[in-house]
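Contents: one structure, followed by commentary.
Every number for a ligand or one of its atoms is a count from 1 in the order of the listing.
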Amino acid sequence: MTSARIMAVIKAEAYGHGLLHSADALNDADGFALLDLSDAVSLREAGFRQTILLLEGFFSADELPRMAEYEIASVIHSPQQIAMLDAYPRRAALDVWLKVNTGMNRLGFAAHELSVAMEKLKAHPAVRDITLMTHFSHADEAAGVTAQMEKFNLQVAPYRLARSLANSAALLRYPATHADWVRPGIMLYGSSPFPEVSAQQLGLQPVMTLQSEIIAVRDLEAGESISYGGMFSAEYSMRIGVVACGYADGYPRHAPSGTPILVDGRRTRILGRITMDMLCIDLSAHAAAKVGSTVTLWGEGLPVEEVAQAAGTISYELLCAMARRVPVIAR
Ligand SMILES: *Cc1c(COP(=O)(O)O)cnc(C)c1O
C-alpha cells in the first residue's frame with residue numbers, strides 16, 4: 001500500500017485498546033507515536049526497539065535526560081522547546097521531528113520561523129537526526145490536503161531531510177502525501193477516518209468489540225417512562241432490557257433513544273437516558289432475549305461509526321473514552 005515507513009499512532013492507550021498489547025499486535029510497524037514519556041519508557045522496557053516519538057515532545061528540560069537514556073524521539077513545535085534544549089546538558093543524541101504549521105494552526109513553526117529553528121537544531125549538540133513533519137486539518141473532508149501539502153513542500157524544499165505528513169485519511173486517499181513516514185492512527189483500529197465512507201468499504205475490520213449483558217428484563221405499560229428524566233415513554237406495552245454498561249464505562253451519555261445496539265447479534269435500539277452504569281434497550285421484538293443475553297454496544301456487527309454518529313460524535317472519541325474499569329480480553 002505504501003513504501004513509506006509506518007509510525008503507528010498509539011496515543012490515548014492506543015485509542016482505548018490498551019498500550020502494550022496493541023504495540024505487540026503492531027510490532028511490524030517501524031515506529032510508535034504517543035504523548036507520554038512514561039508510556040514511551042514502558043514500551044522500551046517491554047523490549048520495543050522501534051523509533052518511539054512523542055507527538056507533543058517534551059514539556060520541560062527535566063524530561064530530556066530520560067528521553068536520551070531511552071532513545072525517545074521528540075516533536076519540536078515551538079521556540080520554547082528549543083530554549084529548553086539549550087538548557088540541557090550537552091552531547092545528547094536526540095532525534096527530533098520538527099513540526100511545521102501549514103494550516104492546522106495548532107502546533108508548529110510558521111513559515112517565517114522555520115529557517116531560524118532549523119539552523120539552531122542543525123547546529124545543536126543535543127540533536128542527532130531531524131525529520132520534518134506537518135499535520136493536516138482537512139484530510140478527511142472535501143477540502144483535502146493539496147493546499148497544506150504544497151505549502152509544506154515549498155517550505156521544506158531547501159532541506160534534504162526525511163518528511164512525514166500523512167494521518168490515516170491522507171494515507172488512504174492521497175498517495176502523494178506518503179513521503180518517508182506515514183502516521184496512521186484510527187485505521188489501525190479498524191475504524192474509518194472519513195465521515196462518508198464506512199470501515200467496511202475501506203476493507204477495515206473493527207478491532208474492539210464492546211460487549212455486556214442484560215441484567216434485568218421488565219414490561220412497561222403504555223405511558224410509563226424509562227430512566228432519569230423520563231426521556232422515553234412507552235407508546236404501547238413494551239418489553240425492555242437493562243444492560244450493564246453506562247457512561248462510566250465510556251458509553252456516550254449523549255446517545256439518544258433510537259441509537260442502535262445488538263442483543264444476541266440482532267439489532268435493536270436504546271431507550272431513555274444513558275446512566276452511569278446502565279442503559280435500557282427495547283426487547284419488544286426480541287422474545288428470546290433474557291437476563292444473561294449478550295449485548296454488543298459496538299464492534300463486530302455494529303460499526304462504532306454508526307453509534308458515534310447517533311451520539312453526535314466520531315469513533316475516535318468513543319474508542320478513546322473506554323474506561324479503565326472495562327475488562328479487556330485480547331484476542
Ligand atoms: C493523532 C495523530 C495522527 C493519527 O491520526 P488518525 O486520524 O487517527 O490517523 C497522526 N499524526 C498526528 C500528529 C496526530 O496527532
Side-chain angles (χ1 to χ4, degrees), residues 1-2 4-17 19 22-23 25-26 29-37 39-40 50-59 72-78 81 95-109 131-141 143-145 148-149 152 156 162-175 177-199 202-204 206-208 303-305 308 313-322:
M1 172 179 206
T2 178
R5 279 175 285 175
I6 295 173
M7 173 69 72
V9 179
I10 54 170
K11 59 191 178 189
E13 288 288 319
Y15 291 51
H17 292 69
L19 185 69
S22 298
L26 294 165
D30 305 287
F32 293 113
L34 36 57
L35 271 295
D36 290 316
L37 179 54
D39 287 341
Q50 292 94 331
T51 297
I52 300 180
L53 174 66
L54 299 185
L55 286 169
E56 292 176 5
F58 45 89
F59 302 91
I72 309 297
S74 180
V75 166
I76 294 216
H77 61 79
S78 71
Q81 285 177 315
D95 290 340
V96 304
W97 290 48
L98 181 58
K99 189 163 192 174
V100 183
N101 176 26
T102 53
M104 181 73 171
N105 292 325
R106 204 173 52 173
L107 298 182
F109 290 89
T131 300
L132 287 155
M133 72 178 287
T134 193
H135 192 50
F136 294 124
S137 55
H138 291 74
D140 56 333
E141 291 171 24
V145 300
Q148 277 187 271
M149 190 177 64
F152 181 72
V156 304
R163 299 174 187 184
S164 174
L165 304 85
N167 57 4
S168 298
L171 168 53
L172 290 165
R173 198 170 266 179
Y174 305 106
T177 64
H178 290 189
D180 299 291
W181 283 92
V182 291
R183 305 188 309 269
I186 194 76
M187 66 180 287
L188 300 174
Y189 309 98
S191 177
S192 170
F194 305 111
E196 79 293 357
V197 187
S198 71
L202 296 167
L204 300 172
V207 173
M208 178 195 294
V304 64
E305 292 85 357
T313 184
I314 54 174
S315 60
Y316 295 68
E317 188 181 14
L318 299 191
L319 297 176
C320 291
M322 190 51 44

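In this structure, atom 9 (O) of ligand 1 lies nearest to the protein heavy atom Ser168 OG, 2.5 Å. For atom 8 (O) of ligand 1, the closest non-hydrogen atom of the protein is Tyr15 OH, 2.5 Å. The single protein non-hydrogen atom nearest to atom 10 (C) of ligand 1 is Arg183 O, 3.4 Å, given as residue, atom name and distance. Of the protein's non-hydrogen atoms, Lys11 NZ, 2.6 Å is the one closest to atom 2 (C) of ligand 1. Protein heavy atom closest to atom 13 (C) of ligand 1, with residue, atom name and distance, is His135 ND1, 3.6 Å. The protein non-hydrogen atom at the shortest distance from atom 7 (O) of ligand 1 is Tyr316 OH, 2.7 Å.
Side-chain atoms of Arg163 and Thr131 include no donor-acceptor pair closer than 3.5 Å. Counting only N and O atoms by type, the side chains of Glu305 and Ser191 include a donor and acceptor under 3.5 Å apart. Using a 3.5 Å distance cut-off with no hydrogens or angles, the side chains of Arg106 and His77 do not pair a donor with an acceptor. Ser192 and Ser198 are not linked by any side-chain donor-acceptor pair at a separation below 3.5 angstrom, with hydrogens and angles left out of the test.
The Ile186 neighbourhood of ligand 1 comprises atoms 6 (P), 8 (O), 9 (O), with distances under 4.0 Å to a heavy atom of that residue.
Among the atoms of Met133, none of the N or O lies under 3.5 angstrom from an N or O of ligand 1. Taking any N or O of Val9, backbone or side chain, none lies under 3.5 Å from an N or O belonging to ligand 1.
Listed by chain and number, the residues in a salt bridge (charged side-chain N to carboxylate O under 4.0 Å, His left out) with Arg5 amount to none (sequence neighbours excluded). Partners of Tyr189 under the ring pair (Phe, Tyr, Trp, His ring centres under 6.0 Å) rule, at least two apart in sequence or in another chain, are Tyr15, His17.
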Check the pair Val100, Phe152 against side-chain contact (heavy atoms from CB on, under 4.5 Å), reporting the backbone distance first and the verdict last. CA-CA 7 Å; Val100 183; Phe152 181 72; 4.0 Å; yes
